[in-house]
Peer 1: 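My questions all concern the structure below.
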There are 2 protein chains.
Amino acid sequence: MIKTIEWTEAGVVMIDQRSLPSDELYHVCRTHEEVAEAIRTMVIRGAPAIGVAAAMGIALGVQNLATAPPADMDLAFDLICRTLATTRPTAVNLFWAIDRMKRVFQRQRSKSIHEVAQLLRAEALAICQEDIAANRQMGAHGQILIPDGAHVLTHCNAGALATAGYGTALGVLRAAVSAGKRLLVYVDETRPFLQGARLTAWELMKDNIPVRLITDNMAGHFMKKGEIDHVIVGADRIAANGDVANKIGTYMVAVLAQAHRLPFYVAAPISTVDLSISNGDQIPIEERQPAEVTDFRGVRVAPYNVAVANPAFDVTPAAYIHAIITEQGIAWPPFEKSLPVLAGAAGGQLTKGGRHN
Amino acid sequence: MIKTIEWTEAGVVMIDQRSLPSDELYHVCRTHEEVAEAIRTMVIRGAPAIGVAAAMGIALGVQNLATAPPADMDLAFDLICRTLATTRPTAVNLFWAIDRMKRVFQRQRSKSIHEVAQLLRAEALAICQEDIAANRQMGAHGQILIPDGAHVLTHCNAGALATAGYGTALGVLRAAVSAGKRLLVYVDETRPFLQGARLTAWELMKDNIPVRLITDNMAGHFMKKGEIDHVIVGADRIAANGDVANKIGTYMVAVLAQAHRLPFYVAAPISTVDLSISNGDQIPIEERQPAEVTDFRGVRVAPYNVAVANPAFDVTPAAYIHAIITEQGIAWPPFEKSLPVLAGAAGGQLTKGGRHN
């Protein structure tokens, strides 16, 4: 069992996803600033996982405040939240988790700072536990869509490492395997950060699920040859109309899947749905530093001073998506009808008002 | 001026394309076996360039024979040709160049070995010179298709480094710039060997042509945003019906171009056209070693023992291609009609009989 993130006496402990799979290092964050830095530098990544990290970061920040209580507790809490909110802009789970923590704080702020810290810690741990449970539910719902013998392409890492555990897209594949289905998973290496080659391949091999690693530009070739027949990915933010922001390259995979008439599925918790925005054009797309493209692990690849684009995400229009698998069930098109129903069933946990953009 | 390959007193000298752009090293081949190894290990790559290299390799091999003439000259020559023919299977220019050298040998074999060696060297140098001239012609014909202000995506390296000089696809872009057009060239990094990031970006920057380096999986995103409006690539083999084998990922780019209604052009010399095969399904696709995918310039990326696919090329069906630019002019669909006309104009230099597969 991979431990993506854990609350310990020493602080918030994360497996360092920058050094996997060659080194299994654990990164300890003792302050909320360190958690924010870990999110920013991708020690931890994946929309649900950074939601959990942000919640634990807030709990850690307030716990640290308790040793020297500030004059203005509201301001201090707000600063902690802001530090975590300004780490990465695209995944909405981050803001959703911060909002949950804020609501606990607002309800409990009359209590002693020690009690508030304890309640925030309990909320962060609940978010963590609920995420694993949601992934298992997603798996139970979604595995029906994956037939025995399927050759499934996945892009990036929507696995245990992208969540508190089990995974979203990989959770569905794990559930299909648990149901006795034999799968072959084509893994896009996912440049520039190589989440596929480094994380997805590693996770699936640990579970003895057959994988075949390819570079991102091979997916079309294998679809044309009939060697890939299904696609499943995660999501960082889903607009009310079903447009999906996910790791750069997801849109390319979706266009290829449509050209080859293959089903294209998205698996994500309801916390990834952002009903406050009507379509994907409104999702902020993070631009990351050029070095991710020009270098790899300290090895320079491209010429010095080359101009580089490095959008970390893209938006796949709803029209390319056959189904969105959530812990509340499967949303089918038209998503502007099905998503609010599933989101309503999740009970008011949604972000509101578009204030994150 | 980049010197991709040169015949010198010391042997055949190539710029080592494995170490560019960080190191500008020159690799000297003193035997035909060393030339074959240089082709196999991609010291030199690009369909026209490996054609030139094979021709020079044969000339070098026969020159070396002259110091100790073999009992059976025909057999010795045949072995040299075979050593060069078994280096890489996809690019037809390799076999086309070997065939040209064979024809010279067959015509001249009654002469002294020193004379034969000299004539073969002259033929290899002619192939080299003709390639540069063909690229300049391609540029003159093709640049008409590229409007001022175009944002052109290219995949892999179809530049000076892929040829004896000037380039095929990049030759067309160079000619457009020479004609006063302002271009921005989006360069796919082109995993796994990174010809785009390492070679194309380097070449274009040397010529002060504006480039923007992206990972392969970003092309769709920038097409959707309207930031890429044309695509031009090279080719390793073109079937009689216009199906094009080119670097892995070309097919993906073609599907994306079609989905966004962008023109998709191929630039290649007539020697790349293989009229002996009716369609792309018959083109042998080279599978290269997994280490190209699992490692990044000697840095291990993927888990040990991961299963990997590494087809070096894919086939883009003719239906995706708007025009094929050759030194004899532009071929328009239907290519099964236009290609033989242009090939005929080139005068019987074509490979025949499908014996290379």
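In this text, all values refer to a predicted model and were calculated from it rather than measured experimentally. Chain identifiers are assigned alphabetically (A, B, ...) following the order of the sequence lines, protein sequences preceding nucleic acid strands; residue numbering begins at 1 within each chain.
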Peer 1: Are B:Leu153 and B:Met223 side-chain neighbours, meaning at least one heavy-atom pair lies under 4.5 Å?
Peer 2: yes
Peer 1: Between B:Phe193 and B:Arg45, is there a cation-pi geometry (under 6.0 Å to ring centre, at most 45° from the normal)?
Peer 2: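 Judged by the rule (NZ or CZ under 6.0 Å from the ring centre, within 45° of its axis), B:Arg45 is not positioned above B:Phe193.
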Peer 1: Could you tell me which non-hydrogen atom of B:Gln17 sits nearest to which non-hydrogen atom of B:Leu161, and how far apart they are?
Peer 2: NE2-O, 2.7 Å
Peer 1: Which atoms of B:Val299 come close to chain A, meaning under 4.5 Å heavy atom to heavy atom: side chain ones, backbone ones, both, or neither?
Peer 2: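 Contact with chain A involves the side chain of B:Val299 alone.
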Peer 1: Taking B:Ala219, B:Ala259, B:Pro311 one by one, which has the highest count of heavy-atom pairs under 4.5 Å against chain A?
Peer 2: B:Pro311
Peer 1: Working to the nearest 0.5 Å, report the span between OG1 of A:Thr154 and CG of A:Leu204.
Peer 2: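 Answer for the OG1-CG pair, A:Thr154 versus A:Leu204, is 8.0 Å.
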Peer 1: Against chain A, label B:Asp188 side chain, backbone, both or neither, depending on which of its atoms sit under 4.5 Å from a heavy atom there.
Peer 2: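 Neither; nothing under 4.5 Å.
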Peer 1: With a 4.5 angstrom heavy-atom cut-off, which part of B:Met205 approaches chain A: side chain, backbone, both or neither?
Peer 2: side chain
Peer 1: Heavy-atom pairs under 4.5 Å with chain A are the metric here; pick the option from B:Trp202, B:Phe222, B:Phe296 that has the most.
Peer 2: B:Phe296
Peer 1: With a 4.5 angstrom heavy-atom cut-off, which part of B:Val315 approaches chain A: side chain, backbone, both or neither?
Peer 2: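 Interface part for B:Val315: both.
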Peer 1: As an exercise: rank B:Ile248, B:Asp216, B:Leu199, B:Asp314 by heavy-atom pairs under 4.5 Å with chain A and give me the winner.
Peer 2: B:Ile248
Peer 1: Heavy-atom pairs under 4.5 Å with chain A are the metric here; pick the option from B:Arg300, B:Lys247, B:Lys224 that has the most.
Peer 2: B:Lys224
